[in-house]
Amino acid sequence: MEFKKPRGTRDFLFDEMRERKETENILRKVFENYAYQEIKTPLFEDLSLFTTKSGEQIVDQLYNFKDKSDREIALRPEITAPVVRLYTNELQKTAKPIKLYYFGSCFRYERPQKGRFRQFWQFGCELIGAKSPEGEAEVIAMAEQSLEDLGISTVEIHINHLGIIRALFKHFNIDTEIQEQIILLIDKGDKKLFTKELTENDIVDDSKLKDILIKLIDFVGNESVLNDIDNLLKDYEETNESIAEFKQLIDYLKSFNVSNYTINLGIARGLDYYTGIVFEIYVPELGAQKQVAGGGSYNLVELFGGEKIESTGFAFGFDRLMNVIEHDKTKNKEKNEDTSIVDVFIAPISKDTREKSFEIGQILRNSNISTEIDLSRKKFKKLLITANKLNAKYVILVGEDELEKDSVTIKNMASGDQELVAIDDILDYINL
RNA sequence: GCCGGGGUGGGGUAGGCGGUUAUCCUACGGGACUGUGGAUCCUGCGACUCGGGUUCGAAUCUCGGCCCCGGCCCCA
């Protein structure tokens, strides 16, 4: 075998593609029901679009190259930055809020693993210019509904508000570098490690902050956690605004009929551009790669040179969704054999009836009936075998005897019955 | 980048302490059967991931590359 596909890429065959398309269509439907409109951005962008957003170190994880005019180009590793670029280029003066969604592949130069590829797909949205808590609540509601419509039931939605910890950092005058270090530690999700690092390595001097942080990231649970936060942080009024927003979000979630959520002060999302609510969605059965979606509120527009504006977005890791669906499929042992590739198979019985067969085929296709015609001059028996493999509902036998009467024989493959039908009546016959 | 397990026809596999023609299932082509399908039988096609080493001889042992799987790091 001469050529192999590049590491971390996949070929999708018919069955898999059918399932992916189904998933894609369900997501499209949900997003459009929430008034989102689809956009598409280029697969590659200026490298600086991504380094501005995420720092220079991101370059190790990118597919980047110089083009023939010496431009630094990168294949997109995610779609939020391109969308924000698109917004600042074309949509700044458009009526707000703007709701847009996208579906496309992204590229990262990483070691492939389960649920992690070098080319992978994201299905996501951005809500630009809505007032925070209600916009966030709606976005989360839409994410939940998407999963529900996909038939994925065992999900956990974890929500945090990064404004709280940012306010604390401000209160204690923690400089940005240390902040990022702490956020990174939180993001790892290892609480023991967090406590250890914080107490042993003197990342922060202030023991009060240490105590608060260690307690804070342990706050995980339902609505009642909000009271714990209140109690813990009552002396730090800088946090009031974010806590109030957080409460409001939780209230609005009720209105949007979302009850399956977990408040989790340990969610951080490594990115330093998130400013408000952040959330992650897990499907526990996926194990190490259980995160199927992530998002939050950010202010990237300003970073890219636009006016300051609230934005919220999230993206599904499409391939991970497919993993869950695949998982559930095999669990439920579903038979998948009843898929017809075409409704009608046209079988020219002799070489003299081929031309007429093609004419009939085109009539059916023009009437939106999926039709296959023998193109390989198969013998009679093989024609029926082929029709059977295609799972065609009808076979139209085009033979010389029939054509003399301007007719064909139509065979119902399920019942085995067949009937002589005038060519002019084929459409009516098949449509009944 | 690190650790572990792997790689045999299109798909799924057996063999694996070195030794003759590499096993079976399935798929595919042809035929039994030149105008009636899913069955059966016959038949054909088709593979040891790549490269070096050890050896009279390597699918088998050994080293390295590539790729896949799982985990770590990372995860915008």
Side-chain angles (χ1 to χ4, degrees), chain A residues 1-11 13 15 45 47 49-62 74-84 106-118 120 122 124 180 183-184 187-190 193 268-274 278 280 286-291 294-296 298 300 303 313-315 317 320 337 345 347-353 376-403 408-420:
Chain A
M1 199 60 66
E2 190 77 23
F3 297 111
K4 290 192 265 184
K5 59 185 179 304
R7 184 165 159 81
T9 63
R10 291 159 293 165
D11 293 319
L13 266 49
D15 287 349
E45 298 270 1
L47 174 65
L49 178 67
F50 302 111
T51 53
T52 299
K53 178 186 164 215
S54 312
E56 285 297 329
Q57 76 284 1
I58 198 190
V59 174
D60 328 330
Q61 292 158 66
L62 292 179
L75 299 185
R76 61 186 186 191
E78 47 94 31
I79 306 188
T80 299
V83 166
V84 173
C106 301
F107 304 84
R108 296 183 192 178
Y109 195 88
E110 289 184 301
R111 198 181 186 307
Q113 260 181 57
K114 187 179 179 60
R116 184 189 265 185
F117 305 93
R118 289 185 169 180
F120 60 98
Q122 289 199 335
E180 294 322 317
I183 296 265
L184 200 73
D187 189 39
K188 285 189 204 282
D190 185 337
L193 180 77
R269 303 209 47 74
L271 284 175
D272 49 9
Y273 64 80
Y274 283 106
V278 291
E280 297 187 343
L286 287 183
Q289 308 297 336
K290 66 180 179 178
Q291 191 185 328
Y298 55 85
L300 272 182
L303 184 64
F314 80 98
R320 293 194 182 165
E337 289 308 318
F345 183 80
I349 290 169
S350 71
K351 72 178 198 308
D352 297 325
T353 65
S376 50
R377 305 184 181 183
K378 289 191 200 306
K379 285 190 260 184
F380 188 81
K381 182 123 175 178
K382 292 287 178 194
L383 289 170
L384 284 176
I385 291 173
T386 303
N388 197 43
K389 278 181 190 143
L390 293 173
N391 214 349
K393 295 186 186 73
Y394 296 100
V395 173
I396 299 183
L397 302 168
V398 186
E400 287 169 49
D401 302 349
E402 288 92 336
L403 285 187
V408 294
T409 297
I410 299 185
K411 182 179 176 77
N412 180 323
M413 290 300 276
S415 66
D417 300 338
Q418 61 186 47
E419 225 174 307
L420 190 70

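Lettering of chains follows the sequences in order, A, B, ..., and the numbering in each one begins at 1.
Looking at heavy-atom distances under 4.0 Å, Gly8(A) makes contact with sugar-phosphate atoms alone, never a base. No contact: Gly55(A) has no heavy atom under 4.0 Å from any strand. At a threshold of 4.0 angstrom between heavy atoms, the contacts of Asp401(A) include nucleobase atoms, whether or not backbone atoms are also involved. Glu400(A) comes within 4.0 angstrom of a nucleotide base, judged by non-hydrogen atoms across all strands. Contacts of Leu397(A) with the nucleic acid, taken as non-hydrogen atoms under 4.0 Å apart, include base atoms. Leu49(A) comes within 4.0 angstrom of no nucleic acid atom, judged by non-hydrogen atoms across all strands. Residue Gln122(A) is classed as having no contact, given no heavy-atom separation below 4.0 Å to the nucleic acid. Nucleic acid contact class of Lys378(A) (heavy atoms, under 4.0 Å, all strands): none.
Judged by atom type and distance alone, Arg116(A) reaches the base of C74(B) through a side-chain donor-acceptor pair under 3.5 Å. With hydrogens and angles ignored, a donor-acceptor pair under 3.5 angstrom links the side chain of Lys381(A) to the base of C33(B). Within 3.5 Å, no donor on the side chain of Glu110(A) pairs with an acceptor on the base of G1(B), nor the reverse.
The interatomic distance linking Ile79(A) (CD1) with A76(B) (C1') rounds to 12 Å, in whole Å. Rounded to an integer number of Å, the gap from Lys290(A) NZ to C75(B) P is 17 Å. Rounded to whole Å, atom P of C75(B) lies 22 Å from atom NZ of Lys114(A). Counting to the nearest Å, the P atom of U36(B) and the CD1 atom of Ile410(A) are 19 Å from each other. Going from atom CZ of Arg7(A) over to atom P of G7(B) covers 17 Å, rounded to whole Å. Rounded to a whole Å, the CG atom of Asp15(A) is 13 Å from the C1' atom of G11(B). Taking atom CZ of residue Phe345(A) and atom C1' of nucleotide G37(B), one finds them 11 Å apart after rounding to whole Å. One can place CZ of Phe117(A) at 15 Å from P of C67(B), the figure rounded to the nearest angstrom.
Here Lys389(A) reaches the OP1 or OP2 of C28(B): one of its side-chain N or O atoms lies under 4.0 Å away. Checking the phosphate oxygens (OP1, OP2) of U36(B), no side-chain nitrogen or oxygen of Lys411(A) falls inside 4.0 Å.
Here the side chains of Pro348(A) and Phe380(A) are not in contact, with every heavy-atom distance at 4.5 Å or above. Annotation: side chain of Lys411(A) is not in contact with side chain of Tyr394(A) (no heavy-atom distance under 4.5 Å). Taking 4.5 Å as the limit, every side-chain heavy atom of Lys393(A) sits out of range of all side-chain heavy atoms of Phe345(A). The closest side-chain heavy-atom distance from Glu419(A) to Ile410(A) is not below 4.5 Å.
Here, C56(B) and G15(B) have their P atoms 29 Å apart, quoted to the whole Å.
Partner assigned to G7(B) is C66(B), using Watson-Crick or G-U wobble distances below 3.5 angstrom. Pairing of U60(B), defined by two Watson-Crick or G-U wobble distances under 3.5 Å, is not identified with any nucleotide.
The side chain of Asn388(A) has G37(B) as its nearest neighbour among G37(B), C69(B), A76(B). Considering only side-chain atoms of Thr409(A), the nucleotide from C73(B), G35(B), A76(B) that sits closest is G35(B). For Arg111(A), the side-chain atoms get nearest to G71(B) when compared with the rest of C74(B), G71(B), G35(B).
Considering CD of Gln418(A) and CG of Leu397(A), their distance stands at 6.0 Å, rounded to 0.5 Å.
With Leu47(A) as the partner, the side-chain contact (heavy atoms from CB on, under 4.5 Å) test is satisfied by one option alone out of Thr52(A), Leu62(A), Leu75(A): Leu62(A).
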